[in-house]
Amino acid sequence: MLLGALLTLLLLGGAAPAWAHAVLRGTDPADASVLTTAPDHLTLTFTESVALLDDSVRVFDPGNHRLRTGEPQHAPGRSDTVRVTLPAGQGRGTYTVAWRVVSADSHPVSGAFTYSVGAPTPAPPVAATQPENTAVGGLYDLARYAAYLGAALLIGGGVFRALAPGAARTPTAVGWTTLAAATAVLLLLRAPYERGTGLSTVLDPSGAARTLTTRPGIALVARLGLLAAAGVLVRRRAWGRRARAAGAALAFGLALTWAVAEHAAAGIQVPVAMAAALLHLLAAAVWLGGLVTLLCTSDVPVAAVTRFSRLALGCVTVLALTGVYQSWRGLGSLDALTGTGYGRLLLLKLAAVTLLLTAAAGARHLTGRLRTGAEAGAVRERLPAMAGGPEPHTNGTAAGGDPDPALSPRPDRRLLRRAVLVETALGALVLLISTVLAGTLPGRAAAEAAKTQPVAAPGLPTASVTDVPFDVGTPGGRGKVQVTLDPGRAGDTSVQAVVYGPDGGLATVPELRVSFTLPAQRIGPIDARVTDRGGYWAADRVTLPLPGTWTMKVTVRVSETDQVSEVRQVVLAR
């Protein structure tokens, strides 16, 4: 009954942590505004506190020359507001402002807007500069996943070894090594990840120095220090009471390095969210890491398996309760569950969690049968090798000395091992989906961003139409997306996308994403946030502030597991 109630709550709110990326709430001067006199400074206000970079705000005049502005600073007492002093002598025409900041949840966000002095003027072609290298973002996400996996193996493996002193040490050792390596990579990539630069800037001393003064950088350094202490425990064969207490403190500290620097540190109800994130991570680590250690241990006492089964049930309860809260915090409304990419990812995770709980329930049932058999004298004191080792002789007999199949544990042991394998694989899948969610704009933030979209201006020129073929490599997974920008020029535009199948007819897909990047000016990616309008996808207002050659990325998902991204160049007129 409890599990059913928790799943119902999960259906209403999902089961994932909340990521609250900053969204630009407003600017002064306002986007697309026309001023009679030149402003003395720029002010950008975000939905949450943001960290500043050396070039967080770049301003270009009507001739596309960068203005010499003051250093970007926070407004007095406002960590969510950025202010930049402008030089005197600004001429008439349209000015472009490109900005890039780091959200309180550690993710960089960027965008651009325009304002005019006297009267609007067409912006000239953009001068070529070094394009943004997206390889850093991919490597950073990969290291994030490796860090989560390493933490699970280290913490969960340590807990299982405390329950069963003879358990395998390999998972904890592998987890320690993986987490240490991933943390070092994250620390090196932090500066170029924030700046949007390439791998050539990884060893830039100025970037490294700045990283060590930021909250994410300090958390990563603290994590390395905690790992150095944890390495002493990992090498020990047996743990006494003091070693177990030290291990528990280190596990708490490691989980805290995520809670204070990432998702829970931004948005609403930060203290409650940090506590929920801490418990969520520890429960997931104990469950998943314990399962892997159980699979890698060749001789596990029945009593230890029983204790872990009870502990895993408690972890399920903690994960469900904290997941419901964090999902409500990230979604904001039930409409966002199906109306945003974040919500649809939550539904995908819910499906994986449901399968995971089913496998866990089966494993728990089989564990109970083994315990009952052991108490009846049907099995020896220790279980045989769960990882494929030789099975000892069993003494399950019926009256008269004949073997009693009902008391034989061998079928249960085989089924238990399979159930644990499935449970472990599904746990890794849930962890992967959680990592993908880290880069997805939450529903609450998406709703906030929609409120700040500017109104399109009337009287716009001819539309731009681009055909984007795609092929996911599966039967029926081919077609094309026809993307229309109306008007096909810089400024406010609408986006319509129609999906055609392999037969040339209209096709329906579960998800479509369109984003725009201007590499020459390091602007973007700007997510068009297209939504399904029943037969086609559209966004009414998207601001592409500068003319030039934009990179349009179209991502088509044709099933729950199959998707493909294609890139095309789109030239926007003045």
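Only heavy atoms go into these numbers, but all of them, side chains included; no hydrogens, no water, no symmetry mates.
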At their closest point, which heavy atom of [X] faces which heavy atom of [Y], and how far apart are they?
X: V514; Y: D527; result: O-OD1, 3.3 Å
X: A219; Y: A261; result: CB-CB, 3.7 Å
X: L188; Y: P192; result: O-CD, 3.7 Å

Check: [Y] and [X] side chains under 4.5 Å, non-hydrogen atoms:
X: W550; Y: I526; value: yes
X: V554; Y: L512; value: yes
X: E48; Y: F46; value: no
X: Q482; Y: T466; value: no
X: D471; Y: V564; value: no
X: H41; Y: V84; value: no
X: F470; Y: V558; value: yes
X: R58; Y: R66; value: yes

Checklist line | S494 side chain to Q496 side chain, donor-acceptor N/O pair below 3.5 angstrom | finding: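 Yes, because at least one side-chain N or O of S494 sits under 3.5 Å from a partner of the opposite role on Q496.
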Note to self: Between T551 and T517, do the side chains contain a donor N or O and an acceptor N or O under 3.5 Å apart?
What the structure shows: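 The criterion, which ignores hydrogens and geometry beyond distance, is not satisfied for T551 and T517.
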Applying side-chain contact (heavy atoms from CB on, under 4.5 Å), can you list everything that pairs with [X], at least two apart in sequence or on another chain?
X: T555; result: R513, K553, Q563, S565
X: A507; result: V499
X: P39; result: P29, L35, L86, Q90, Y115, V117
X: A147; result: L179, A182, L186, R223, W258

Would you say [X] has more than 12 foreign heavy atoms packed within less than 6.0 Å of its [atom1]?
X: E71; atom1: CD; value: no
X: R478; atom1: CZ; value: no
X: L212; atom1: CG; value: yes

If we ignore hydrogens and angles and just use 3.5 Å, is the side chain of [X] paired with the main-chain N or O of [Y] as donor and acceptor?
X: S103; Y: S106; result: no
X: T493; Y: V542; result: no
X: T178; Y: V174; result: yes
X: R78; Y: D80; result: no
X: S110; Y: G524; result: yes

Next item on the list: Please assess H107 against V102 for the test side-chain contact (heavy atoms from CB on, under 4.5 Å), listing each intermediate value before the final yes or no.
Entry: CA-CA 6 Å; H107 296 286; V102 181; over 6 Å; no
Checklist line | Worked verdict on W537 versus V495 for side-chain contact (heavy atoms from CB on, under 4.5 Å) | finding: CA-CA 8 Å; W537 297 71; V495 179; over 6 Å; no
Note to self: Restricting to salt bridge (charged side-chain N to carboxylate O under 4.0 Å, His left out), what partner residues turn up for D28, sequence neighbours left out?
What the structure shows: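 With neighbours one apart ignored, the set is empty.
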Checklist line | Any residue meeting side chain to side chain donor-acceptor pair (under 3.5 Å) with S515, in chain and number order, not counting sequence neighbours | finding: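 If we apply the side chain to side chain donor-acceptor pair (under 3.5 Å) test to S515, skipping adjacent residues, there are no hits.
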Item checked: Mutual orientation of the aromatic rings belonging to Y193 and Y140 [parallel < 30°, tilted 30-60°, perpendicular > 60°] ->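 The arrangement is parallel - the two ring planes meet at less than 30°.
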Check: After noting the C-alpha distance and the side-chain angles of V97 and T114, does the key distance pass the side-chain contact (heavy atoms from CB on, under 4.5 Å) rule?
Finding: CA-CA 6 Å; V97 181; T114 64; over 6 Å; no
Item checked: Single hit among V101, V50, L24 for side-chain contact (heavy atoms from CB on, under 4.5 Å) with V109 ->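 Testing V109 for a side-chain contact (heavy atoms from CB on, under 4.5 Å) against V101, V50, L24 leaves exactly one candidate, V101.
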Next item on the list: Report the distance from atom OG1 of T211 to atom CZ of R190, rounding to the nearest 0.5 Å.
Entry: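 Interatomic distance, T211 OG1 to R190 CZ, rounded to 0.5 Å: 7.5 Å.
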Notebook entry, point to check: Roughly how far, to the nearest 0.5 Å, is the CZ atom of R557 from the CG atom of L348?
Noted result: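 Output value for this atom pair is 7.0 Å.
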Next item on the list: Could you give me the CA-CA distance, side-chain angles and deciding distance for T43 and T27, then say whether side-chain contact (heavy atoms from CB on, under 4.5 Å) is met?
Entry: CA-CA 6 Å; T43 303; T27 63; over 6 Å; no
Next item on the list: Considering only NZ, NE, NH1 and NH2 on the basic side and carboxylate oxygens on the acidic side, decide whether R541 and D492 come within less than 4.0 Å.
Entry: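 No, R541 and D492 are not salt-bridged.
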Note to self: Evaluate D54 against R195 for salt bridge (charged side-chain N to carboxylate O under 4.0 Å, His left out), listing each step before the verdict.
What the structure shows: CA-CA 9 Å; D54 295 337; R195 293 178 173 180; 3.5 Å; yes
Next item on the list: Before giving the answer on salt bridge (charged side-chain N to carboxylate O under 4.0 Å, His left out), spell out for R100 and E194 the whole-Å C-alpha distance, their side-chain angles and the decisive distance to 0.1 Å.
Entry: CA-CA 9 Å; R100 185 181 182 91; E194 290 182 349; over 6 Å; no
